[in-house]
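We use all heavy atoms of the structure for the numbers below, so side chains are in, but hydrogens, waters and symmetry mates are not. A note on names: the letters A, B, ... follow the listed sequences, proteins ahead of strands, and every chain is numbered from 1.
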Amino acid sequence: MTSPPSPRADASPRLRPSRLPRTFFARPTLDVARELLGRRLVRVERGRRLSGWIVEAEAYVGQEDLACHAHVGRTPRNQVMWGLPGHAYVYFTYGMHWCLNLVTEQDGRPAAVLLRGLLPVEGLPAMRRRRGGVPDDRLADGPAKLCQCLSIDGRLNGDDLCAPDARLFVERAHLRRPGPVTVGARVGLNSVPEPWKSKPWRFRLTQASPPRKRIG
DNA sequence: AGCACGATTAACT
DNA sequence: GTTAATCGTGCTC
């Protein structure tokens, strides 16, 4: 006799084709952030795939980075960042928003990549339901919007993206014509001192979306 | 127990 | 350009 499969028991290739392994995340955070661009982030929820191309990411690198949550030392909130690479650090902010990071570098070194933008690929009806009223390429163009679209909240904090039955992971598949990468200062660091405030650790894919219909 | 603030967003002038 | 929403978190008393 077999019991009915639990929501996380299905590790089938159909739901979870070739994914980025832990060795991908266990590297310098700037490299990981840049190389995540154009890859596909996938969320498996109740046997359904929600996904999008990663088009924007920021690096937060170590306790010495005064913009990184880890700069205050190890706390219950940020402890996942000190752990193994390839795990999800999901935090709550402004009393209402969740944001998703992917932990990088080696065990014991607090660093992560904040995912700030996706181009939706799979599960668009669900995303439109959650974020109605905007064009599809604007559904997930912010760190908290991305989490809304993929149904990501604190329950996924600490999830292993490299586990066989992961609910969240990054596929090896990448955009064929991703376009140029734009580098700039990280966003929202209003009270962070220099030089951290201006470090060019924000990476974006431009021209990643299909050309818009010409107006007029 | 109380407080100030935030890796944001939508709505507004 | 500005502001309010809204509450977990980490700090101080």
Side-chain angles (χ1 to χ4, degrees), chain A residues 25 28-37 39 41 43 52 54-83 85-105 109-120 126-159 161 168 170 181-205:
Chain A
F25 299 99
T29 306
L30 295 186
D31 295 343
V32 176
R34 184 184 279 271
E35 293 173 33
L36 279 171
L37 297 182
R39 307 268 185 179
L41 178 70
R43 164 86 164 104
I54 298 169
V55 295
E56 181 176 348
E58 287 176 354
Y60 289 86
V61 192
Q63 192 164 4
E64 68 273 18
D65 175 6
L66 295 187
C68 181
H69 286 171
H71 84 272
V72 296
R74 188 170 181 150
T75 70
R77 183 204 202 193
N78 67 31
Q79 65 169 328
V80 174
M81 259 199 294
W82 262 267
H87 285 248
Y89 166 45
V90 184
Y91 70 89
F92 187 67
T93 192
Y94 291 101
M96 64 193 98
H97 298 304
W98 296 98
C99 296
L100 169 67
N101 296 259
L102 308 185
V103 175
T104 57
E105 314 227 0
R109 172 113 207 259
V113 174
L114 172 68
L115 300 186
R116 295 191 53 94
L118 298 181
L119 279 181
M127 297 184 192
R128 294 189 191 109
R129 237 177 285 129
R130 294 186 170 115
R131 297 249 328 116
V134 301
D136 287 348
D137 63 349
R138 306 290 311 275
L139 284 169
D141 64 345
K145 301 178 195 177
L146 174 164
C147 286
Q148 272 184 253
C149 278
L150 295 199
S151 192
I152 292 166
D153 62 26
R155 289 172 294 191
L156 275 74
N157 188 40
D159 261 34
L161 280 76
L168 186 67
V170 183
V181 174
T182 301
V183 181
R186 295 172 292 181
V187 174
L189 310 183
N190 299 306
S191 58
V192 173
E194 300 290 359
W196 310 104
K197 185 174 181 167
S198 299
K199 292 278 186 189
W201 291 354
R202 180 193 193 198
F203 303 93
R204 277 184 298 168
L205 274 187

To the nearest angstrom, the CZ-P distance between A:Arg77 and C:dG8 comes to 12 Å

Between OH of A:Tyr89 and P of B:dA7 the distance, given in whole Å, is 9 Å

A:Arg77 side chain to A:Tyr91 backbone, donor-acceptor under 3.5 Å: no

Any strand, both distances under 3.5 Å, Watson-Crick or G-U wobble: B:dC5 pairs with C:dG8

- Message: With a cut-off of less than 4.0 Å, is there a side-chain N or O of A:His97 near OP1 or OP2 of B:dT9?
- Response: no

| said: Please classify the nucleic acid contact of A:Ala67 as base, sugar-phosphate, or nothing, using heavy-atom distances under 4.0 Å. | reply: base

note: A:Arg74, atom CZ; C:dC11, atom C1'; distance rounded to Å ~ 20 Å

Notebook entry, point to check: For atom C1', what is the distance between B:dA7 and C:dG1, given to the nearest Å?
Noted result: 22 Å

Whole-Å distance, A:Tyr94 OH to B:dC5 C1', equals 9 Å

Atom CH2 of A:Trp98 and atom P of C:dC7 are separated, to the nearest Å, by 12 Å

Q. When you measure from the side chain of A:Asn157 to the backbone N and O of A:Val90, does any donor-acceptor pair fall under 3.5 Å?
A. yes

note: A:Glu56, atom CD; B:dT8, atom P; distance rounded to Å ~ 10 Å

Here the distance between atom C1' of B:dT8 and atom CE of A:Met96, to the nearest Å, is 8 Å

| said: Check the phosphate of B:dA7 against A:Arg202, side-chain N and O only, distance under 4.0 Å to OP1 or OP2. Yes or no? | reply: no

ask   = With respect to the phosphate group of B:dG6, does any side-chain polar atom (N or O) of A:Ser191 fall under 4.0 Å of OP1 or OP2?
value = yes

Checking A:Arg116, A:Arg204, A:Arg186 against A:Glu58 for salt bridge (charged side-chain N to carboxylate O under 4.0 Å, His left out), the one that qualifies is A:Arg116

ask   = How are the rings of A:Tyr89 and A:His69 set relative to one another: parallel (under 30°), tilted (30 to 60°) or perpendicular (over 60°)?
value = perpendicular

May I ask you to decide if A:Val103's main-chain N or O and A:Asn101's side chain share a donor-acceptor pair within less than 3.5 Å?
no

Quick one: is A:Lys145 getting a side-chain N or O under 4.0 Å of the B:dA10 phosphate, OP1 or OP2?
yes

> Just checking A:Leu189: base, sugar-phosphate only, or nothing, at a heavy-atom cut-off of under 4.0 Å?
Replying inline: sugar-phosphate

inquiry  = If the cut-off is 4.0 Å, is A:Arg131 near the phosphate of B:dA10, judged by side-chain N/O to OP1 or OP2?
reply    = yes

